[in-house]
Amino acid sequence: MLTKSKIIVALDSNDLSKIKKLLNKISKKIYGVKVGYEFFYNFNKKGYDFLKKKNLKIFLDLKLHDIPNTVNKGLKALNYLKPDMITVHISGGEKMLKEAKKVSKKTKIIGVSVLTSLENNDLKKFYNIDNSKKLVSKMTKVALKSKIDGIVCSPKEIKIVKKISKKKLKIITPGIRLKNNNISKDDQKRIMQPKEAIKLGANYLVIGRPILNAKDPMKIINLINEEKI
Ligand code: C5P
């Protein structure tokens with residue numbers, strides 16, 4: 001039984017009233033919310049302030065990826081939002097990550113490793129590497145060297161990240177699906193069930209569609225919190 005929820009709900013929707021209704025039901029049973037492209041670009045500061053007023057922890061997933069100076073200035077411009085965590089791509093390199101880390105003492109910098117939608121096939125094309133664990137291992141080392149606070153990876157890579165980072169990085173995993181068939185019908189590929197990801201040591205699970213599209217989101221959240229699914 002979990003003492004505290006590890007769920008970060010990805011608010012990927014263009015319907016603010018639907019999100020407000022959902023949050024009225026589930027806010028107390030989750031760790032926080034993920035504000036990504038869809039929420040932030042649709043609702044901007046107004047939507048963001050609603051979440052802040054609800055006292056929710058905010059994982060601002062804008063995945064910055066540019067040259068070090070541009071990322072530093074971009075993050076400075078976002079500082080007024082005071083998110084609890086903000087994401088940048090680890091593939092932006094060590095210098096970029098260090099510049100990101102300089103910006104705020106309060107907001108945790110979380111590095112995105114290999115997107116959970118990519119398969120080994122894709123990695124071969126882009127990086128001449130045939131498996132995600134190898135690439136995520138390299139990225140974990142860069143994240144550690146840059147002294148950022150956490151890493152986003154697939155649950156399939158939790159073990160290797162834990163081994164390398166020795167608890168110095170918070171591990172955040174999207175790619176969560178409720179069925180144990182190892183096949184996702186949508187864009188997520190490197191997937192796992194919530195209870196397995198928690199058992200392996202994920203600090204937080206980012207979950208969108210399995211909660212947003214559920215008939216009874218509260219039921220799903222309770223089952224995840226109780227490590228039953
Ligand atoms: O709906 P679903 O559960 O697939 O949502 C997962 C969320 O996690 C999405 O908002 C996606 O942007 C985010 N994410 C991801 N893979 C990463 C980083 C973030 O799926 N590597």
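In each ligand, atom 1 is the first atom listed, and ligand 1 is the first ligand listed. Values below: every heavy atom of this structure, side chains too, minus hydrogens, waters and symmetry copies.
Checking each of T140, I171, L200 against K162 for a side chain to side chain contact (heavy atoms under 4.5 Å, CB included) leaves exactly one that passes, namely I171. A side-chain hydrogen bond (donor to acceptor under 3.5 Å, both in side chains) with D49 holds for exactly one of K53, K52, K45; it is K45. Of the candidates F39, F40, Y41, F39 is the only one forming a ring pair (Phe, Tyr, Trp, His ring centres under 6.0 Å) with F43.
Close approach of ligand 1 to K34 (heavy-atom distance below 4.0 Å) involves ligand atoms 9 (C), 10 (O), 11 (C), 12 (O), 13 (C). Below 4.0 Å from some heavy atom of V206 lie the following atoms of ligand 1, by number and element: 7 (C), 8 (O). Atoms of ligand 1 lying under 4.0 Å from at least one heavy atom of K63, given by number and element, are 12 (O), 14 (N), 18 (C), 19 (C). Every atom of ligand 1 is numbered from 1 in the order shown, and the set under 4.0 Å from a heavy atom of R177 is 1 (O), 2 (P), 3 (O), 4 (O). Atoms of ligand 1 found under 4.0 Å from any heavy atom of T116, numbered from 1 in the order shown, are 15 (C), 16 (N), 17 (C), 20 (O), 21 (N). Interface of L115 with ligand 1, defined as ligand atoms under 4.0 Å from a residue heavy atom, comprises 17 (C), 21 (N). Using a 4.0 Å cut-off to heavy atoms of V152, the atoms of ligand 1 that qualify are 17 (C), 18 (C), 21 (N). Interface atoms of ligand 1 facing P174, defined by a heavy-atom separation under 4.0 Å, are 8 (O), 14 (N), 15 (C), 16 (N), 17 (C), 18 (C), 19 (C), 20 (O).
At a 3.5 angstrom cut-off on N or O pairs, D187 does not count as close to ligand 1.
Every residue two or more places apart in sequence or in another chain that forms a salt bridge (Lys or Arg N to Asp or Glu O under 4.0 Å) with K145 is listed here: E94.
Between P210 and ligand 1 there is a heavy-atom distance shorter than 4.0 Å.
By the criterion of a heavy-atom distance under 4.0 Å, the side chain of Q188, and not its backbone, is placed next to ligand 1.
One option in D12, I211, L11 has a heavy atom closer to atom 9 (C) of ligand 1 than any other, and that option is D12.
The pair K199-E196 fails the salt-bridge criterion, with no side-chain N (NZ, NE, NH1 or NH2) lying under 4.0 Å from an Asp/Glu carboxylate O. Checked for salt-bridge contact, D15 and K21 miss the test: no charged N lies under 4.0 Å from a carboxylate O.
Given atom 5 (O) of ligand 1, the protein heavy atom at minimum distance is G208 N, 3.7 Å.
N24 and K54 share a side-chain donor-acceptor pair at under 3.5 Å. Neither side chain, K125 nor N121, offers a donor N or O lying under 3.5 Å from an acceptor on the other.
At least one donor-acceptor pair closer than 3.5 Å links the side chain of T107 to the backbone N or O of P83.
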